[in-house]
There are 2 protein chains.
Amino acid sequence: MEPSPQFERIRAYYLSLLPALTGDAWELCTSYFTVRTLKKGEFLQKQGVVANHVSFLNYGLLRMYHLVDGREKVSEFFKEGDYAADYRSFLMREPANTYVQALEETEVVELSFDDLQIIYQRIPEANFIGRLIAEELFKDICRRTTMQVTVSIDEQYAAIVRDKPWLIQRVPQYMIASYLGVTPEALSRIKSRAGKRSRKIPLRPTTPVITEIAAAAKP
Amino acid sequence: MEPSPQFERIRAYYLSLLPALTGDAWELCTSYFTVRTLKKGEFLQKQGVVANHVSFLNYGLLRMYHLVDGREKVSEFFKEGDYAADYRSFLMREPANTYVQALEETEVVELSFDDLQIIYQRIPEANFIGRLIAEELFKDICRRTTMQVTVSIDEQYAAIVRDKPWLIQRVPQYMIASYLGVTPEALSRIKSRAGKRSRKIPLRPTTPVITEIAAAAKP
DNA sequence: TTCAGATATTGATCCTGATCAATAATTGTC
DNA sequence: GACAATTATTGATCAGGATCAATATCTGAA
C-alpha cells in the first residue's frame with residue numbers, strides 16, 4: 001500500500017536485480033507484501049504443511065532442518081537479506097519435508113503463492129526477478145553440494161570460521177555440527193585437533209579415471 | 001533457421017512450459033540453437049573452463065562429476081529430455097568445478113550464454129521459461145539433498161532400482177556407488193545384504209529438540 | 001550472586017564403511 | 001569362441017565418526 005520502511009531492504013534487493021523496476025510496478029508488489037515477526041523458537045514452516053509463502057528476512061536468523069528418526073538435521077541457515085521458506089514445497093505445492101525455525105527474533109516480508117502468480121501475470125518483468133531468485137537459490141545449493149563433496153569436514157568448518165563468522169557467533173555449535181553432518185562431539189574434536197595444522201594425505205585413485213584421450217579415441 | 005526435426009524434443013519441452021510460445025518467438029530461439037554430437041567418453045564440460053552453453057539432451061546419457069584428490073565423485077546423471085551443463089558456472093560466468101562426460105553417444109541442442117541473453121531481451125516470455133528451468137533444477141537438487149539427509153544408502157539404492165531403473169541398466173555400478181557417496185565394494189555389499197529385509201533401528205534423539213511450545217513460550 | 005538448564009568437552013567403546021588385496025564375472029573385440 | 005580389459009564380488013584389516021557416559025563450561029533468570 002503505502003511506502004513503508006519495512007520494505008526498504010527488499011526494495012533495495014529487487015532494485016539491485018532490476019534497476020528499471022518502476023514505481024507503479026513496485027507499488028503493486030508492496031500491496032501484496034505482509035510483514036510478520038517471529039519470536040525465538042517460533043516456526044515459519046513445518047514438515048507436512050505446504051509452504052504458502054516466500055519470506056524475505058528484514059532481520060533475524062532462521063534455520064531449516066529435516067527431522068529424521070527424531071533427530072534434527074540442519075540443512076540451511078537464513079539471515080537478514082536472504083530469502084527463506086521451503087522453496088521446493090512452495091514451487092511444487094507439495095507438503096514440505098523441512099522445518100524452518102527462528103533462532104532469534106526475526107522479521108520477514110511475506111508474499112503468498114497466489115499473490116506471486118498475480119504479480120507474475122501483471123508484471124512481466126517479475127519473471128525476470130523470479131528467474132534471478134531461482135538462479136540465486138540454485139547457485140547457493142550448488143556451492144553447498146560442491147563443498148560437501150570436495151572438502152573434508154575439518155576444512156568445511158575452517159571455511160565457515162573464515163567466511164561466515166556470523167554463523168559461529170549466532171548459532172550454537174551443535175547446530176553447526178548438524179549442518180556439517182556430524183555429531184556435536186565430532187565437531188568438538190575437530191576444533192581441538194585444528195591446532196595441529198593440516199597434514200596432507202596423498203591419495204591415489206581407487207576408481208579408473210577415464211581420460212578424454214583414451215575414451216574419445218575409441219569410436 | 002528452418003524447422004528441424006532435431007529441435008522437436010526441445011520444442012515440446014518449451015511448449016509444455018509455455019503453450020503460448022508463438023511461431024516467431026520460437027523461430028528466433030531456433031536460430032540460436034546448434035546441434036552437437038558427443039561420442040562416448042567425450043566431455044561436454046571440463047573443470048576450470050567457464051560453461052558457455054546450456055545443453056538440452058535429444059538422446060544419450062551424461063554424467064557430471066567432481067575430481068577430488070584424483071578420485072571421481074559423481075554428482076548427477078543427465079539423460080534425454082534433461083538440461084545438462086554446469087549451470088552454476090554458466091550463470092556465474094566462473095570456471096566450472098565439474099566435468100560433464102558422455103557415457104553413451106549423445107546428441108545435444110546447445111545455446112550459448114550470449115545468445116540466451118539476447119533471447120531474454122527480445123522475448124520477455126523467455127524469462128518465464130528461464131525461471132521455470134531454474135526452478136526445475138532447484139527442485140531436482142533439493143530432492144537429491146533431502147534424499148541424502150533423510151534416507152540410508154541402502155534405501156537410496158532401493159529407490160534408484162525402483163524409480164530409475166534406467167540408471168541401473170545404462171550406468172556401471174561403480175558410478176552409481178560414487179553417486180551414492182560410497183565405494184564400489186560398499187555398494188556391492190549393500191546389494192547382497194538387500195536380501196535380508198530391512199531391520200528397523202529405533203533411534204532416540206541425541207540432540208535436544210526445541211519444541212515450538214517451549215521455545216515460543218519465552219518472549 | 002547463585003543456580004538450573006543448556007551447551008561444550010573429553011574419554012572409552014563400538015560399528016560402519018574405507019582400504020587393500022585377490023578372485024570372479026562380464027563385456028567387447030578380434 | 002577366446003582373450004583382454006573392464007567391472008563386480010568377496011575377504012581381512014583399519015580408521016574415523018557414532019554412541020554412551022561423565023564432567024566442565026556457559027548463559028540467563030531470579
- Let me know the distance between CG of B:L103 and P of D:dT7, rounded to the nearest Å. 11 Å
- Message: Between A:E185 and A:R189 (salt bridge meaning N to carboxylate O under 4.0 Å), is one present in this structure?
- Response: no
- Could you check how far CD1 of A:I153 sits from C1' of D:dA15, rounded to whole Å? 15 Å
- Under 4.0 Å between a side-chain N/O of A:T183 and OP1 or OP2 of D:dA18, yes or no? yes
- Item | Global bending angle along the helix from C:dT1-D:dA30 to C:dC30-D:dG1, which compares the axes of five pairs at either end, to 10 degrees | 50°
- Task: Please name all residues satisfying ring pair (Phe, Tyr, Trp, His ring centres under 6.0 Å) with B:F78, sequence neighbours left out, ordered by chain then number.
- Result: none
Interface polar pairs with nucleotides 10-13 of chain D, N/O, under 3.5 angstrom:
from: D:dG11; atom 1: N7; to: B:R189; atom 2: NH1; distance (Å): 3.0
from: D:dG11; atom 1: O6; to: B:R189; atom 2: NH2; distance (Å): 3.2
from: D:dA12; atom 1: N6; to: B:R189; atom 2: NH2; distance (Å): 3.2

- For C:dT19, does OP1 or OP2 lie under 4.0 Å from any side-chain N or O of B:R71? yes
- Query: For the pair made of CG in A:L180 and C1' in D:dG17, what is the distance, rounded to whole Å?
  - Reply: 13 Å
- Message: Ring-plane angle category for A:Y13 and A:F56, please: parallel below 30°, perpendicular beyond 60°, tilted otherwise.
- Response: tilted
- Message: Looking at A:K191, I'd like to know whether one of its side-chain N or O atoms comes within less than 4.0 Å of OP1 or OP2 on C:dA8.
- Response: no
- Close residues, residues 166-173 of chain B, relative to DNA chain D [heavy-atom separation under 4.0 Å]: B:P172, B:Q173
- Heavy atoms, side chains only, cut-off 4.5 Å: are B:F7 and B:V109 in contact? yes
- Message: For D:dG17 and A:R193 - does any side-chain N or O of the residue sit under 4.0 Å from the phosphate oxygens OP1/OP2?
- Response: yes
- Measure the distance from CD1 on A:I190 to P on D:dG16 and round it to the nearest whole Å. 12 Å
- B:E110 meets the salt bridge (charged side-chain N to carboxylate O under 4.0 Å, His left out) criterion, sequence neighbours left out, with B:R36
- Message: For B:E105, give me all partners under side-chain hydrogen bond (donor to acceptor under 3.5 Å, both in side chains), at least two apart in sequence or on another chain.
- Response: none
- Query: Does the side chain of A:V50 reach to within under 4.5 Å of the side chain of A:F113, using non-hydrogen atoms?
  - Reply: no
- Item | Minimum side-chain heavy-atom gap B:F77-B:D82 below 4.5 Å | no
- Find the distance B:I176:CD1 to D:dA8:C1' and express it as a whole number of Å. 12 Å
- Message: Just to verify, which of A:K46, A:R63, A:K40, A:E42 counts as forming a side chain to side chain donor-acceptor pair (under 3.5 Å) with A:Q101?
- Response: A:R63
- Item | Modelled atom types, side-chain donor and acceptor of A:D115 and A:S112, under 3.5 Å | yes
